[in-house]
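Just so we're on the same page: letters track the sequence lines, and every chain starts at 1. Since the structure is predicted, the reported quantities are computational estimates derived from the model, not experimental observations.
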Amino acid sequence: MVSGLDTRYNFRLVEKKWQQRWEESGAFHVTEEPEKQKYYCLVMFPYPSGKLHMGHVRNYAIGDVLARFFKMQGFNVLHPMGWDAFGLPAENAAIKNRIHPAKWTWDNINSMREQLKSLGLSYDWSREVATCHPDYYRFTQWLFLQLYHNDLAYKKKQAVNWCPSCATVLANEQVVAGCCERCDTEVEKKDLEQWFFRITAYADRLLEDLEKIPGWPEKVKLMQTNWIGRSVGAEVRFTAENGKEIKVFTTRPDTIFGVTYMVLAPEHPLVEELIKDKAEAGKVREFVARAKKQSELERTSAEGEKEGIFTGAYAINPLSKEKIPIWVANYVLMEYGTGAVMGVPAHDQRDLEFARKYNLPVKVVIQPLGRDLDAATMDEAYAEPGIMVNSGEFDGMDSEVARLKITEYLKEKGLGEETVNYRLKDWLISRQRYWGAPIPIIYCDRCGIVPVPEKDLPVLLPEDVAFEPTGESPLRKADSFINTSCPQCGAPARRETDTIDTFVCSSWYFLRYCSPRDERPFDPEKVAYWMPVDQYIGGVEHAILHLLYSRFITKVLYDQKLVPVDEPFTNLLTQGMVLKDGFKMSKSKGNVVSPEEIIENYGADTARLFILFAAPPERDLDWSDQGVEGAYRFINRVWRLVQRVAPEVKEKVEWDVASLSSAEKDLRRVIHRTIQRVEDDIKTRFNFNTAVSAIMELTNALYHYLDGTDQEQWHRGVLREGLSSLALLLAPFTPHFAEELWEVLGNKDSVHEQQWPQVDREALKEEEITIVVQINGRVRDHIQVPVGLDNKKLEEAVLSQPKVANLIQGKELVKVICVPNKLVNLVVK
RNA sequence: GCGGGAGUGGCGGAAUUGGCAGACGCGCCGGACUUAGGAUCCGGUGGGUUAAACCAUAAGGGUUCGAGUCCCUUCUCCCGCACCA
């Protein structure tokens, strides 16, 4: 930028200088210190795409402020960094550019590490982990075995989500609006035999324990609650004419007398049996075939027409004993509940629409208070509670009571029982890809499925494989990998060729950081010291996937008594996106701002300061080049201030508070109020933007003091206090700059080794205070009064003001409201 | 459709418990220094008015001495889930 004969701060030299010193002195290397309180500050580790983007910068700047701040507060801070390094892009690069995924990944890691280092982040790099390293994935495989041995990992054949473009299956959580979350290709259903983690066994605890983490945003907890989707109801057994039992799940057992038909999912196994002798069989088969061909997206879009067909079969309503027709319809999902539902058109909107479309009867069994529903004409279902009618012995009951009574009755008669259903499904962790941790399983013709013994881990990914554009995993053709011997009987056997979903790798990395080079997955003592993570920071896009999986894995390990905590992250901060001109930065939009360029032109401190100042962390942030200039200007403004005064204040001088002038007292008040505000903004509100603005105000106040005082009159002691505080307060935000200031002020040690400045309560005290005078709630005047003046004296002081007297002249004073040290409101008529 | 969040100057955003709306920064205007200024420093900056009054926190209503903040109605935008029985 503009080079200067002026006193412009040379960020290039300074940032390099301190980064080197930190590295040489191992400034951020930490070990367990039992006598100190620990603070585990974790930012979501990146996928090593090769290029840092602004979202990363924001994420890591926030983490760094917290890490450095808590260190200055006396905590023993763990602040690690690593790489979520398995995944598809590496493999795509291999196919496209003929680079091995391993090389591509490690090259990217090396370049991203340099970029991160140029930001001056206080990581303990000795703890770096990469999930693609055999010393890491060895324990990802170990984790798989833990789940396998506890019946939490199993293999089954099921219709699964298949992304044709990625040529692999996906977990439910990775399907967004019917499309692949990575590449946006429409997902297909395929019947495949796959490995699952039994996360549903933890559904209730994952739900209940949300209460144990008040430090998480409600929004995220709500998203998880909805995703788990627990709903309590009853399973009710209907009987078809041919004697076959059909189970339905309902949350409204109180409406069973209102059932006028029932509907099966097209995939329901009973469909074929029910229709086989019926005249309708042909048409139904045709319908089922058509529904199965519909994509997931078409099937489940709420706007889509509900379509159904009568099977020709009937069932008996177990309570009313009425004969009801059995239908098949596209809107019933085989995956949820029992794959069959009872149709209660009077009390369920979807059922009503379906009934009207196909002329099925409507029967009212719950009447609202104060009006009568008419089954013949109603066009909106009544889903609220009311009084039971047309329901035999339950007539007249409150429907809420009837719900329980009918559930009891069903149970007594053996017709059903209370059940709980979840929308959460087991986690599909198989991936038909190469660049992942191989699933440590061996198939033996004699012994069946045999887990790889722990001592044989890791099952290494073979390096010499061919990447072909077919998309098929090269592991499938890697004979030397596949062919092995059975660990149990020694006979020739085959290895599993699927790899583990990368979300498994990232659901335990926070444990590995505690003892990253241990020969075990982690050192239990170190985990006991560091866990749980005190502050976790990352994008809200991980609200369900990564955060739910990590909670699940932590609970599994907790149950095995391997870790002492059952929730991994005590506090969660979800930061907003970094936008440019209101849009997400993307190459196709051409609105990408590269961190490298900003660091080159303005320095890391400016980049960090701007990002922290521009918006509170939870909110989206619109990148502004002018805003960056502003941050840059501020740093230089502070630099000039310190240059101007430093020679005067290098020496410590003794001084006495009693001897200070009022300007000096005012300055000290600003200094200490700023310390208090910055501390509070960081610690309890994460409002880094207001913390920075407070520091700016302190800078302005220091300038005003200097400009308003003759240089001979400058109070060296107070100025020294002010400038030192400024350097200390800036340390978490602009770490290189703060170090340099600290040094210029004559200090020998690192600013980051200092204690956070103490607020001097005495300095905060004011003798006089400005009181707002309102008349009928409108501000009319301000008066200066001594602090702590009682209400009566305050009122007198206000009323004696000529301006006030003038304004209320001739009016009746109805009431006086006094808020001590703040405001007086005169109510007049 | 359901659930959640948000609407404040020209812009990003402050206002922590109901108590001076617009802190801080950007931009803009004026001044100083200067051969010069796209550097720096100082001052101004919601609308309105000569000055006031007054009007202003998406719109409308309410509670209150007092409302950006609490309550009700409506509108807009963003996010999540989306036939879950």
Side-chain angles (χ1 to χ4, degrees), chain A residues 1-8 176-178 217-220 222-227 229-231 233 248-252 255 262-263 299-306 329-333 335-344 348-351 353-354 421-423 540-541 543-544 576 610 613-616 618-631 633-634 636-637 640 677 680-681 684-685 687 689-697 699-700 703-704 707 770-782 814-819 822-828:
Chain A
M1 293 280 94
V2 186
S3 67
L5 311 158
D6 57 3
T7 53
R8 197 159 272 236
V176 177
E218 285 306 317
K219 175 194 166 83
V220 172
L222 196 69
M223 281 166 74
Q224 293 209 352
T225 302
N226 291 338
W227 191 261
R230 182 178 200 268
S231 80
V248 302
F249 174 72
T250 177
T251 55
R252 295 295 302 276
T255 63
M262 68 187 299
V263 191
R299 272 280 297 272
T300 58
S301 88
E303 285 78 37
E305 254 315 91
K306 292 174 186 41
N330 62 351
Y331 75 92
V332 176
L333 308 172
E335 298 85 43
Y336 186 77
T338 60
V341 301
M342 56 188 218
V344 189
D348 183 286
Q349 190 58 30
R350 284 161 310 167
D351 293 351
E353 282 162 26
F354 192 77
N421 251 291
Y422 301 90
R423 302 170 74 152
V540 73
E541 65 273 18
I544 294 171
F610 163 70
F613 177 62
E618 307 247 6
R619 216 182 286 192
D620 285 348
L621 179 156
D622 206 355
W623 186 268
S624 147
D625 293 334
Q626 286 169 338
V628 178
E629 289 279 354
R633 259 201 306 258
F634 170 70
N636 279 287
R637 183 168 154 82
R640 285 189 302 271
R677 280 172 65 186
D680 196 49
D681 281 348
T684 59
R685 307 202 309 151
N687 279 11
N689 55 332
T690 50
V692 173
S693 79
I695 299 173
M696 287 173 169
E697 286 179 63
T699 306
N700 293 342
Y703 264 103
H704 285 137
D707 292 341
T770 306
I771 297 284
V772 175
V773 180
Q774 296 185 336
I775 295 170
N776 289 341
R778 307 242 174 195
V779 180
R780 284 292 178 264
D781 202 2
H782 295 91
V814 182
K815 198 172 172 187
V816 179
I817 285 134
C818 290
V819 182
K822 221 169 221 168
L823 157 150
V824 174
N825 187 12
L826 306 175
V827 185
V828 298

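Counting non-hydrogen atoms under 4.0 angstrom, A:Ser231 reaches the backbone sugars and phosphates but no base. Residue A:Gly630 is in sugar-phosphate contact alone, with no base atom involved, counting any heavy-atom pair closer than 4.0 Å across all strands shown.
Distance, A:Lys306 NZ to B:A85 C1': 11 Å, rounded to whole Å. The interatomic distance linking A:Glu335 (CD) with B:C84 (C1') rounds to 10 Å, in whole Å.
For A:Arg780, there are no salt bridge (charged side-chain N to carboxylate O under 4.0 Å, His left out) partners, not counting sequence neighbours. Every residue meeting the ring pair (Phe, Tyr, Trp, His ring centres under 6.0 Å) condition with A:Phe354, not counting sequence neighbours, appears here in chain and number order: A:Tyr261, A:Trp327, A:Tyr331, A:Tyr358.
Secondary-structure stems of RNA chain B, taken as three or more successive Watson-Crick or G-U wobble pairs (i with j, i+1 with j-1) under a 3.5 Å distance threshold, comprise B:1-7 with B:75-81, B:10-12 with B:24-26, B:27-32 with B:40-45, B:58-62 with B:70-74.
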Atom pairs under 3.5 Å: protein N/O with N/O of nucleotides 11-14 of chain B:
unit_1 : atom_1 : unit_2   : atom_2 : d
B:G12  : O2'    : A:Ala614 : O      : 2.7
B:G13  : O3'    : A:Asn689 : ND2    : 3.3
B:A14  : OP1    : A:Asn689 : ND2    : 3.1
B:A14  : OP2    : A:Arg619 : NH2    : 3.4

Atom pairs, protein N/O to nucleotides 64-66 of chain B N/O, distance under 3.5 Å:
unit_1 : atom_1 : unit_2   : atom_2 : d
B:C65  : O2'    : A:Asn825 : ND2    : 3.3
B:C65  : O2     : A:Asn825 : ND2    : 2.5

**Report entry** Test log, rule side-chain contact (heavy atoms from CB on, under 4.5 Å), inputs A:Arg677 and A:Thr690
**Finding:** CA-CA 8 Å; A:Arg677 280 172 65 186; A:Thr690 50; 5.7 Å; no
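Set against B:A85, B:C20, B:G19, the side chain of A:Arg350 has B:A85 as its closest nucleotide.
The structure places CE of A:Met262 at 11.5 Å from CG of A:Asp351, a figure rounded to the nearest 0.5 Å.
Here the separation of B:A21 from B:A67, taken at their P atoms, is 10 Å to the nearest Å. Comparing the P positions of B:U40 and B:G25 gives a spacing of 13 Å, expressed to the nearest Å. Rounded to a whole angstrom, the distance from the P atom of B:A56 to that of B:G66 is 16 Å.
Residue-to-nucleotide proximity on RNA chain B shows that, of A:Phe249 and A:Gly627, the 5′-proximal contact is made by A:Gly627. The nearest heavy atom of RNA chain B to A:Ala694 and to A:Thr250 marks one nucleotide each, and the one closer to the 5' end goes with A:Ala694.
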Report summary line: Once base and sugar-phosphate atoms are separated, protein heavy atoms under 4.0 Å mark nucleotides 41-54 of chain B, 5' to 3', with B, S and - as SSS----------S
